[in-house]
Amino acid sequence: MIPPQIWRPLGILLAILLIYLGVRSFFVPATFYQYGHFRGNSLATIASRPVQYAGKKACMDCHDTIGEKPYHSKHKTVSCETCHGPSLGHVEDPSQLPSLKPTNKEWCARCHEANNARPKTFPQVVIARHYPDKDCMICHNSKKLEKKP
Amino acid sequence: MNQFSNLFSRRQFMRLVMKSMALLAFLQTGVLFWFVRKSRAATSLPEGYNPKDHKWCMSIDVRKCIGCGRCAAACKMENHVPPEPYYFRTWVERYEVHGTDEPIITSPNGGIDGFPPQNSSEEFEKSFYVPKLCNHCETSPCTQVCPTGATFVSPDGVVMIDYDYCIGCRFCIQACPFGCRFFNPETQTADKCNLCYHRITQGLLPACVEVCPVGARQFGDLKDPESKIHAFLAENQVDVLKPQLRTHPKVYYAGLDKAVK
């Protein structure tokens, strides 16, 4: 027979262990240590945030010939949403137009204003000295100018 | 003496009551745990996405960057970064280097509104743009200081924040040697670039890479042998920021100047 002075403290220890395990399972999230010292669930939570930019592939599903148009032909390598803004709404519902259609000088200047921090091979112009009273699109949106070498 | 006291003595009755209460409490907590665990049950990543199959990284060609700031603007739009200035997940810096002097580094509104033209083209020996973002360090100091395990390096190599478990203590913001973290006043948690995790798990590019008009930013998967990142690493002289800290960043820069910090 195990005397009570042995099994009583053992019972108390067991109870403490059970309480500890219970409390631990309550406070430590279920997916903790699924991948490491963090909540495995949080990956899915972060991945479920809403997307705004549809990506060029989605645009090209419908607008596959857009690159033949003047102005667009020079910007073939640029993603559509760089200028037209986040457009997932337009992909899901075509009647909802993309947020931006910039044609103003300030927009062109954002990339093409001469700045000596820019790579020398990148086409740049001092906008204030390049037909200052005319809009860029008057010349740069015509087929004639685009075909020039 | 009534019938009841014939069945149980006072002592026996008290014992029975205590035992049944203990049993009930035990069962009750069991049910409670079960409910709690069920409410925290795993939500799932997009189908076919296994985080262990990837190792995401980014490459930046400094020689291509034109400093248009579209990356920083797109990042704010995609990730709902507070619009008022000085909170950025990614931003563009302009370096103006003159000899061995300290370089002049400017980043007005993260480069979103463009950069003013320099005063004189002769004044600086060289001048260039450097896009910055979280370096997604392999051994990141920010994850080591987090007291709650809310920030971590995911199995696919992205340093992320669990916004539900971040207590907003700001330790990680101080620990980051690249200044890539900020305290989001809207969520009251730390915040930073997570390589647009919601996009890359769906096969899309991060927003900054998507909108970069000159392809200065490229996104890659080190575990995918067909990823373009391998060619980039092989063909260029690649550097990382602050290599002396041995945090092993996964944002690789080509054409980086020694002035860049």
Side-chain angles (χ1 to χ4, degrees), chain A residues 18-19 22-23 25-58 75 77-83 85-86 88 99 106-107 109-124 126 128, chain B residues 29 32-33 36-37 40-46 49 51-52 63-70 74 77-80 94-96 114-115 117-118 121 124 127-129 143 149-155 160-165 194 196-199 201-202 204-205 207 210-215:
Chain A
L18 279 175
I19 289 166
V23 169
S25 78
F26 186 76
F27 282 114
V28 177
T31 54
F32 216 82
Y33 289 113
Q34 186 186 352
Y35 300 110
H37 185 78
F38 61 94
R39 219 163 49 98
N41 245 356
S42 60
L43 292 185
T45 314
I46 296 166
S48 66
R49 296 180 133 209
V51 171
Q52 311 278 325
Y53 285 83
K56 199 176 182 181
K57 253 184 226 156
H75 293 100
T77 54
V78 180
S79 172
C80 314
E81 287 161 310
T82 305
C83 297
L88 189 72
S99 48
E106 289 73 34
W107 187 265
R110 192 61 63 75
C111 293
H112 293 290
E113 173 76 77
N115 188 323
N116 56 10
R118 293 201 160 127
K120 303 288 170 286
T121 49
F122 188 75
Q124 304 164 59
V126 180
Chain B
T29 38
L32 191 67
F33 287 156
V36 167
R37 292 191 84 87
R40 289 171 178 174
T43 43
S44 58
L45 284 161
Y49 184 82
K52 286 176 182 166
R63 297 160 300 189
K64 282 185 183 172
C65 181
I66 58 167
C68 61
R70 293 305 86 211
M77 210 97 85
E78 179 74 34
N79 295 302
H80 308 287
R94 184 170 71 185
Y95 278 71
E96 287 157 8
F115 289 83
Q118 286 99 326
S121 56
F124 300 105
S127 168
F128 48 88
Y129 295 108
T143 60
T151 185
F152 53 90
V153 188
S154 73
M160 285 196 287
I161 298 167
D162 180 351
Y163 299 103
D164 298 330
Y165 270 68
N194 54 18
C196 285
Y197 200 71
H198 57 297
R199 296 175 61 82
T201 47
Q202 292 181 32
L204 294 163
L205 290 169
E210 175 67 38
V211 302
C212 182
V214 289

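Order of the sequence lines sets the chain letters (A, B, ...), proteins ahead of strands, with each chain counted from 1. All figures in this text were calculated on a predicted structure; none of them were measured in a lab.
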Does a side-chain heavy-atom distance below 4.5 Å link A:H112 with B:I66? no
Partner chain A: residue of B:G114, B:G67, B:A74 with the largest heavy-atom pair count (under 4.5 Å): B:A74
Run the ring-ring contact (aromatic ring centres under 6.0 Å, His included) test against B:Y163 and tell me which residues pass, sequence neighbours left out. none
For the residue pair B:D164 and A:R39, establish whether any side-chain heavy-atom pair is separated by less than 4.5 Å. yes
A:Y35 versus B:P51, closest heavy-atom pair with distance: OH-CG, 3.7 Å
Nearest heavy-atom contact between A:V78 and B:P213 is CG2-O, 3.6 Å
Under 4.5 Å between any side-chain heavy atoms of A:V51 and B:E78, yes or no? yes
Of the backbone (N, CA, C, O) and the side chain (C-beta and beyond), which part of B:V153 lies under 4.5 Å from a heavy atom of chain A, both, or neither? backbone
Would you say the side chains of A:N41 and B:Y165 form a donor-acceptor pair under 3.5 Å? no
Test side chain to side chain contact (heavy atoms under 4.5 Å, CB included) applied to A:N115 and B:R94, step by step: CA-CA 11 Å; A:N115 188 323; B:R94 184 170 71 185; 3.4 Å; yes
Where does B:L204 contact chain A at under 4.5 Å (heavy atoms): side chain, backbone, both or neither? side chain
Backbone of B:V211 reached by a side-chain donor or acceptor of A:E81 within 3.5 Å: no
Less than 4.5 Å to any heavy atom of chain A: does that hold for the side chain of B:M77, its backbone, both, or neither? both
Below 4.5 Å from any heavy atom of chain B, which atoms of A:F38 appear? Answer side chain, backbone, both or neither. both
Quick one: pull up OH in B:Y197 and OG in A:S48 and give me the separation to the nearest 0.5 Å. 11.5 Å
The reported gap from CG in B:L205 to NZ in A:K57 (rounded to nearest 0.5 angstrom) is 7.5 Å
Any donor-acceptor N/O pair, A:S42 side chain to B:D162 backbone, under 3.5 Å: no
Please look at B:T29 and chain A and tell me whether the side chain, the backbone, both or neither of the residue comes under 4.5 angstrom of a heavy atom of that chain. neither
When you look at A:R49 and B:H80, which way does the side chain to side chain contact (heavy atoms under 4.5 Å, CB included) test go after all the steps? CA-CA 10 Å; A:R49 296 180 133 209; B:H80 308 287; 5.9 Å; no
Minimum heavy-atom distance between A:K56 and B:E210, given as atom pair plus value: N-OE2, 2.9 Å
Pick one of side chain, backbone, both or neither for B:C65, based on which atoms fall under 4.5 Å of a heavy atom in chain A. backbone
Between A:I46 and B:H198, is the side chain to side chain contact (heavy atoms under 4.5 Å, CB included) condition met? List the steps. CA-CA 6 Å; A:I46 296 166; B:H198 57 297; 5.8 Å; no
Counting only non-hydrogen atoms closer than 4.5 Å, does A:A54 touch chain B with its backbone (N, CA, C, O), its side chain (CB onward), both, or neither? backbone
Per-residue contact mode, B:K52 against chain A (heavy atom under 4.5 angstrom): side chain
Kindly give the heavy-atom pair with the smallest separation between B:P155 and A:L43, and that separation in Å. CD-CD1, 4.1 Å
In terms of heavy-atom pairs under 4.5 Å with chain B, which of A:G36, A:C111, A:A114, A:A47 leads? A:A47
Test log, rule side chain to side chain contact (heavy atoms under 4.5 Å, CB included), inputs B:F128 and A:R118: CA-CA 6 Å; B:F128 48 88; A:R118 293 201 160 127; over 6 Å; no
If one checks every heavy atom of B:R63 against chain A at 4.5 Å, the contacting part turns out to be backbone
